[in-house]
Amino acid sequence: YRLQGRSQLLSPRAKPLLFENRQGNPSSAFERVTQDHPLIRFVTERLRQAGYRMAVVTNKPHPFVAPLLQEAGLMPLFDQLLGGDLLPQRKPDPAPLLHVCQSQGVAPRRALMVGDSKNDVLAAKAAGMPVIGLTYGYNHGEPIAVSKPDWVMDHFCQLGDLLLAN
């Protein structure tokens, strides 16, 4: 069990969490989210009850992602889904993250990106957004910590530990 990163906690009110996945990689954090959906559902429901708004931002085509979330029963927990085919830019460009923040009416510095790749970290940092790097995603064999996210987490449940500690 490891949680590395900044010591201050972010305020939960009106803060969207942006989840990411790698296009076409079956070992990505996104696929793990859909496979481990009972735990993910428990954590995301607790975050929702605490006032967090959540979105999925992915480089996968939108029509592919929505059915995965529906099948896992997770779609109702997210306020927005932005597939990689809906904007001209894709991560690591910050445009998808900035688009979701603008549509949700939240400043990027008040949002939190949760991702599993260097591109997620680069996009979040370019957007001025704090970022959590998950160690179990596909990152071309490079530890996510090398990308210098604000936090590194081994387990999705640690997200609840960090954000619901107060």
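Because the structure is a prediction, the values reported are computed rather than measured.
Rounding to the nearest 0.5 Å places CG of Leu159 at 5.5 Å from CE of Met153. Expressed to the nearest 0.5 Å, how far CZ of Arg48 lies from CZ of Arg53 amounts to 9.0 Å. The structure places CG of Asn119 at 7.0 Å from CG of Asn59, a figure rounded to the nearest 0.5 Å. Atoms NE2 and CG, on His99 and Leu82 in that order, are 5.5 Å from each other to the nearest 0.5 Å. Rounding to the nearest 0.5 Å places CG of Asp93 at 9.0 Å from CG of Leu87. From Tyr136, atom OH reaches atom CG of Asp116 across 8.0 Å, with rounding to the nearest 0.5 Å.
Formation of a donor-acceptor pair under 3.5 Å by the Gln158 side chain with backbone atoms of His155 is found in this model. At distances below 3.5 Å, not a single donor-acceptor pair connects side-chain atoms of Asp150 with backbone N or O atoms of Ile132. Not a single donor-acceptor pair under 3.5 Å links the side chain of Lys118 to the backbone N or O of His140.
Here the closest heavy-atom approach between residue Cys101 and residue Pro108 is recorded as SG-CA, 3.9 Å. Closest non-hydrogen pair, Cys157 versus Leu39, comes out as CB-CD1, 4.2 Å. A pairwise comparison of heavy atoms in Met75 and Ala66 identifies CE-CB, 3.8 Å as the closest pair. Between Ser147 and Glu142, the shortest heavy-atom distance links the atoms OG-OE2, 3.9 Å. Of all heavy-atom pairs spanning Pro130 and Trp151, the tightest one is CB-CZ3, 3.9 Å. Between Pro149 and Gly133 the shortest heavy-atom distance is CB-N, 3.7 Å.
Within the 4.5 Å cutoff, side-chain heavy atoms of Leu164 are placed close to those of Leu47. You'll find the side chain of Ser117 reaches within 4.5 Å of the side chain of Asp120, heavy atoms only. Contact check for Leu112 versus Leu163: side-chain heavy atoms found under the 4.5 Å cut-off.
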Candidate pair Thr135 and Val152, rule side chain to side chain contact (heavy atoms under 4.5 Å, CB included), full reasoning | CA-CA 7 Å; Thr135 61; Val152 173; 3.5 Å; yes
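The hydrophobic clustering, which links ILVMFWY residues whose side-chain heavy atoms are closer than 4.5 Å, places Phe156 and Leu162 together. Val146 and Val131 are not part of a single hydrophobic cluster, where members link through side-chain heavy atoms under 4.5 Å apart. With hydrophobic clusters built from ILVMFWY side chains whose heavy atoms lie under 4.5 angstrom apart, Leu81 shares a cluster with Leu74. Two different hydrophobic clusters hold Leu98 and Phe78 under the rule that ILVMFWY side chains link at heavy-atom gaps under 4.5 Å. Following chains of ILVMFWY side-chain contacts shorter than 4.5 Å, one can reach Val56 starting from Leu77, so the two form part of one hydrophobic cluster.
Residues forming a side-chain hydrogen bond (donor to acceptor under 3.5 Å, both in side chains) with Arg46 (at least two apart in sequence, or on another chain): none.
Taking a 6.0 Å sphere around CD of Gln102, one finds it holds 12 or fewer heavy atoms contributed by other residues, nucleotides or ligands.
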